[in-house]
A.B. asks: 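Have a look at the structure that comes next, please.
Worth saying up front: this structure is predicted, and the values here are computed from it rather than measured. No hydrogens, no waters, no symmetry mates; every other heavy atom, side chains included, goes into these values.
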Amino acid sequence: MDLLHWKLFPLLALLASFLFFFYIQDSSKSSQSGCSLFPHSHYWIASKRIVTPQGIISVEIKGGSIVSIVKNKDWSGKFKQVVDYGNAVVMPGLIDVHAHLDDPGRAEWEGFPSGTKAAAAGGITTLIDMPLNNFPSTVSTETLKLKIEAAEKSIYVDVGFWGGLVPENAFNATALEALLDAGVHGLKSFMCPSGIDDFPMTDASHIKSGLSVLAKYKRPLLVHSEIQSVVESHLETEDGGGDPRSYSTYLKTRPPSWEEAAIRELLTVTKDTRSGGPAEGAHLHVVHLSDASSSLDLIKEAKRRGDSITVETCPHYLAFSAEEIPDGDTRFKCAPPIRDAANKEKLWNALMEGDIDMLSSDHSPTVPELKLLNDGNFLKAWGGISSIQFVLPVTWSYGQKYGITLEQLVSWWSERPAKLAGQHSKGAIAIGNHADVVVWEPEVEFDLNEDHPMFVKNPSISAYIGKRLSGKVLATFVRGNLVYKEGNHAFAACGSTILAT
């Protein structure tokens with residue numbers, strides 16, 4: 001018998017290895033490809049704080065989608081592969097409709113790999129990339145193809161694309177239709193110089209023409225709404241208007257009247273988007289509103305009249321005020337600028353009352369040399385706030401004073417951005433939706449310093465460095481793949497490029 005056992009042992013070992021191989025193949029296909037840090041495609045997520053209208057306690061995920069939701073009493077102890085997050089918050093992944101990842105052409109500023117790693121670490125599961133700061137700008141089917149090729153196999157979250165509305169294509173309906181047919185989710189334009197040579201500014205006639213094309217596709221036009229005053233623009237020079245290291249000098253060069261003038265002009269054409277109007281079906285979205293006074297009043301009035309218009313603001317306008325920005329600290333330069341504390345309070349009130357529809361990062365990074373951190377010259381430094389990894393804890397931390405709720409976070413960062421970008425399978429924990437989920441601990445505080453894991457390419461330029469924040473992201477799931485878990489990312493970048501149809 002002993003001899004027989006010895007003869008059978010190699011065969012049994014071989015059989016065991018085959019069984020183990022097939023088990024692994026079956027239960028961890030996503031792990032094999034490196035797309036997920038969790039080796040199962042069919043599992044449950046449970047928590048005492050899952051943010052949905054149903055107040056559910058467990059979510060079933062299979063094949064990248066949400067297939068069922070159940071209450072606590074219906075699931076306890078019945079299912080295998082349950083990931084129980086206890087008292088952590090589980091809510092829909094954030095959707096950032098305004099980010100500049102600068103790929104292709106300026107990947108040293110950010111790039112798809114670093115930018116989407118940072119997004120995943122911040123609970124963002126989908127972002128829509130802006131058509132400028134990359135080179136060439138995304139203003140044609142050819143340039144869109146370059147961007148898609150740069151993104152493929154390089155993204156850790158889902159990424160869609162806005163196209164550019166510029167003077168060279170604004171009156172060419174065929175060119176705009178080709179760009180929209182190729183899959184951009186809408187168009188973006190600037191009413192003032194963008195700072196990018198191949199993305200020139202537009203006026204109301206260009207916007208009116210663009211809206212007439214967008215009406216057919218029922219997609220939005222996003223507008224940087226500032227009109228440059230000739231007198232005030234002369235101040236933004238090397239030697240005019242005061243000390244260039246003083247933030248107040250820069251602030252004077254872009255007053256609220258710029259935003260007001262642009263929005264007033266926009267409203268001469270948004271009336272076409274009303275029910276029965278010549279551009280019905282089109283929609284205008286004002287990006288990164290900074291002025292909470294006259295500009296916001298104009299938008300509120302347009303909404304009351306039935307214009308199809310929405311507006312966003314950004315966490316940096318809600319977190320900072322002009323009075324606290326140190327001399328020479330060009331990390332805080334952006335356009336429109338961060339305004340005074342009274343304006344910040346009005347922005348918060350407008351957001352809480354629903355007059356501002358949603359939030360976005362306007363992540364606009366560059367290389368440290370262009371920020372002129374050593375010189376501190378606000379008039380010459382590149383404008384833009386690097387923020388994509390931190391928008392969830394920033395919004396939560398600074399919003400505590402105003403009593404924000406988890407449900408409001410979901411509305412501002414998931415539901416409404418999903419609607420703007422036409423992402424009907426995202427933005428909510430609901431049966432049939434993509435399993436895009438962020439798990440985080442609102443009560444946990446952390447210092448954002450050099451010891452904190454940061455995944456943006458140039459972390460030193462972020463205005464949030466040195467802040468103490470609340471809200472630690474534990475895990476991020478994109479289409480059911482666990483792409484981020486407590487400082488670590490999945491081995492492979494398996495995010496999807498999402499094109500409008």
A.B. asks: Does the Lys NZ or Arg CZ of K333 fall within the cation-pi geometry relative to Y250 - under 6.0 Å from the ring centre and within 45° of the axis?
C.D. replies: yes
A.B. asks: Applying side-chain contact (heavy atoms from CB on, under 4.5 Å), name anything that partners S248, two or more places apart in sequence or on another chain.
C.D. replies: S246
A.B. asks: Can you check side chain to side chain contact (heavy atoms under 4.5 Å, CB included) on Y398 and L469, steps first, answer last?
C.D. replies: CA-CA 8 Å; Y398 288 91; L469 302 174; 4.2 Å; yes
A.B. asks: Verify the ring-centre separation between F199 and F135: is it less than 6.0 angstrom?
C.D. replies: no
A.B. asks: Is it true that atom NE2 of H424 has more than 12 heavy atoms of other residues, nucleotides or ligands lying nearer than 6.0 Å?
C.D. replies: no
A.B. asks: The criterion is disulfide bond (SG atoms under 2.5 Å apart); which residues satisfy it with C494, sequence neighbours excluded?
C.D. replies: C35
A.B. asks: Test ring pair (Phe, Tyr, Trp, His ring centres under 6.0 Å) on Y156 and Y484; report intermediate values, then the result.
C.D. replies: CA-CA 9 Å; Y156 288 81; Y484 173 81; over 10 Å; no
A.B. asks: Salt bridge or not for E108 and K457, using N-O below 4.0 Å?
C.D. replies: no
A.B. asks: What do you reckon, is NZ of K485 surrounded by more than 12 foreign heavy atoms closer than 6.0 Å?
C.D. replies: no
A.B. asks: Suppose the criterion is salt bridge (charged side-chain N to carboxylate O under 4.0 Å, His left out): which pairs have a residue in residues 421-437, not counting sequence neighbours?
C.D. replies: D158-K426, K426-D436
A.B. asks: For Y464 together with H316, are the ring centres under 6.0 Å from each other?
C.D. replies: no
A.B. asks: Please determine if D357 and K303 form a salt bridge, counting it only when a charged side-chain N lies under 4.0 Å from a carboxylate O.
C.D. replies: yes
A.B. asks: Before we go on, tell me: are the rings of Y247 and F378 under 6.0 Å apart, centre to centre?
C.D. replies: yes
A.B. asks: Is atom CZ of F491 surrounded by more than 12 heavy atoms (other residues, nucleotides or ligands) closer than 6.0 Å?
C.D. replies: no
A.B. asks: For V67 and I431, work out which heavy atoms get closest and say how close.
C.D. replies: O-CG2, 3.8 Å
A.B. asks: Among pairs that include at least one residue of residues 340-360, which meet ring-ring contact (aromatic ring centres under 6.0 Å, His included), considering only residues two or more places apart or in two chains?
C.D. replies: W348-Y402
A.B. asks: Begin with the C-alpha distance, continue with both residues' side-chain angles, and end with the deciding distance and a verdict on side chain to side chain contact (heavy atoms under 4.5 Å, CB included) for F477 and S36.
C.D. replies: CA-CA 8 Å; F477 295 80; S36 179; over 6 Å; no
A.B. asks: Salt-bridge test for K147 and D129: reply yes if a basic N is under 4.0 Å from a carboxylate O, no otherwise.
C.D. replies: yes
A.B. asks: Regarding D96 and S361, is there a side-chain donor-to-acceptor distance under 3.5 Å anywhere?
C.D. replies: yes
A.B. asks: Begin from the C-alpha positions of I196 and S137 and carry the test side chain to side chain contact (heavy atoms under 4.5 Å, CB included) through to its verdict.
C.D. replies: CA-CA 9 Å; I196 299 295; S137 293; 3.9 Å; yes
A.B. asks: If a pair satisfies salt bridge (charged side-chain N to carboxylate O under 4.0 Å, His left out) and one of its residues is in residues 437-447, list it, with sequence neighbours excluded.
C.D. replies: R49-E443, E445-R468, D447-R468
A.B. asks: Quick check: H185 with F161 (ring centres under 6.0 Å apart)?
C.D. replies: no
A.B. asks: Considering only residues two or more places apart or on different chains, which pairs with a residue in residues 80-118 satisfy ring-ring contact (aromatic ring centres under 6.0 Å, His included)?
C.D. replies: H98-H100, H98-H288, W109-W382
A.B. asks: Hey, mind stepping through D327 and R245 against salt bridge (Lys or Arg N to Asp or Glu O under 4.0 Å) and telling me if it holds?
C.D. replies: CA-CA 5 Å; D327 287 351; R245 287 181 50 82; over 6 Å; no
A.B. asks: Less than 3.5 Å apart, any donor N or O on the side chain of T395 or W413 sitting next to an acceptor on the other?
C.D. replies: yes
